[in-house]
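Here the structure is laid out as structure tokens; the discussion comes afterwards.
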Amino acid sequence: MGDADALPPLLARSSVVLFGDSLTQRGFEPGGWASALAHHLGRRADVYNRGYGGYNARWASYLAPALFPDPSGAPGRHLLVTVWFGANDAADAGERAHVPLEEYARRLERVVARARRAARAVVVLTPPPVHGPTRLAYQRRRYGARATGVEERTTARALDYGAEAARVARAAGAHVLDVGRLMVADDGWPAFVGAGDADGDGLHLSAAG
């Protein structure tokens, strides 16, 4: 096929990479936000699931070089990359996935810098709020007598990490979707993280979320 016969650029699919923790991974489940995005971009872009349940920004910074290798003559090969970490980092200091706030910012800077070189646009999402009563009920369902009864994640810490994520994104020239603050501005936000759902855990998004 000669150059004259090449497909018009609009017919060639772009690519979108969604990089994050379980909030991204589970977004590809039926009714999830990532599934909705893939459906919306059907025939226009391939949407790749790079969500890793339980990951934090530290582990993401180890993975980012392989996921977003330095471009060789093709900068910005992805149309869009989303970066969504912080929900695990903001866990209580005794939790395995916890990352101190200052380190979280440094690690996220590395991830966003990598993504910026690989994509035409990068959107950083902030952690959602955490509904304590739903989180504790989930804990009791999952662990029974071994449940600690202590909220290992809180809205206050999530918002602190979200503020740092927003700062890092803006400094790097990325876009910000402040999920945490957008949600808590709505009086019905607990429903967005599973309050009232039989299997809600107070952190991951419900269909409403």
Side-chain angles (χ1 to χ4, degrees), residues 6-57 59-89 97 107-128 158 161-162 165-166 168-170 172-183 192-194 197 199-201 203-209:
L7 287 172
L10 287 177
L11 294 183
R13 291 197 184 194
S14 300
S15 56
V16 172
V17 179
L18 310 184
F19 186 33
D21 53 31
S22 57
L23 290 165
T24 294
Q25 179 181 320
R26 292 176 57 167
F28 282 84
E29 296 175 355
W33 69 273
S35 294
L37 179 63
H39 176 72
H40 177 71
L41 293 175
R43 293 189 61 174
R44 289 178 288 171
D46 294 316
V47 180
Y48 294 99
N49 177 357
R50 295 298 181 267
Y52 300 87
Y55 265 51
N56 55 30
W59 302 333
S61 72
Y62 299 149
L63 185 57
L67 187 58
F68 305 117
D70 283 328
S72 54
R77 63 190 182 92
H78 298 300
L79 175 66
L80 170 70
V81 169
T82 63
V83 176
W84 200 2
F85 292 97
N88 294 316
D89 306 74
R107 300 286 187 175
L108 193 63
E109 284 172 359
R110 297 177 193 176
V111 173
V112 173
R114 280 279 178 176
R116 285 273 291 150
R117 291 197 292 270
R120 290 170 56 188
V122 174
V123 177
V124 175
L125 292 82
T126 67
Y161 279 69
V168 166
R170 293 184 178 112
H175 302 281
V176 178
L177 179 57
D178 200 341
V179 174
R181 296 203 176 277
L182 285 170
M183 284 192 172
F192 300 156
V193 291
D197 292 351
D199 58 351
D201 66 6
L203 173 66
H204 293 93
L205 304 189
S206 64

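- Nearest approach of Pro128 to Met183, heavy atoms of both residues: CB-SD, 4.1 Å.
- With rounding to the nearest 0.5 angstrom, the OG1 atom of Thr24 is 9.5 Å from the CG atom of Leu205.
- Between the side chain of Trp84 and the backbone N or O of Thr126 there is at least one donor-acceptor pair closer than 3.5 Å.
- The distance from atom CG of Leu125 to atom CZ of Phe19, rounded to the nearest 0.5 Å, is 13.5 Å.
- In this structure, NE2 on His78 lies 8.0 Å from OH on Tyr48, to the nearest 0.5 angstrom.
- The closest donor-acceptor contact from the side chain of Asn88 to the backbone of Ala97 lies at 3.5 Å or more, if one exists at all.
- In this structure a side-chain-to-backbone donor-acceptor pair under 3.5 Å is present from Ser35 to Glu29.
- Within the 4.5 Å cutoff, no side-chain heavy atoms of Val179 are placed close to those of Pro127.
- Minimum heavy-atom separation, Trp59 to Gly54: CZ3-O, 3.0 Å.
- Nearest approach of Val176 to Arg170, heavy atoms of both residues: CG2-CG, 3.9 Å.
- Inter-residue side-chain proximity for Arg43 and Arg13 is flagged as met; some heavy-atom pair is nearer than 4.5 Å.
- When all heavy atoms of His204 and Ser22 are compared, the pair lying nearest together is NE2-OG, 2.6 Å.
- Within the model, atoms OG of Ser61 and CD of Glu109 stand 11.5 Å from one another, a figure rounded to the nearest 0.5 Å.
- Using modelled atom types, no side-chain atom of Arg50 and backbone atom of Val17 make a donor-acceptor pair closer than 3.5 Å.
- Interatomic distance, OG1 of Thr82 versus CG of Leu37, reported as 8.0 Å (0.5 Å rounding).
- With hydrogens and angles disregarded, a donor-acceptor distance shorter than 3.5 Å links the side chain of Asp21 to the backbone of Leu23.
- A side-chain contact (heavy atoms from CB on, under 4.5 Å) with Leu80 is found for exactly one of Leu41, Val47, Val16, namely Val16.
- Among all heavy-atom pairs drawn from Tyr161 and Asp89, the shortest one is OH-O, 3.6 Å.
- Annotation: the span from Arg77 atom CZ to Phe68 atom CZ amounts to 8.5 Å, rounded to 0.5 Å.
- When every heavy atom of Val124 is checked against every heavy atom of Ala165, the shortest pair comes out as CG1-O, 4.1 Å.
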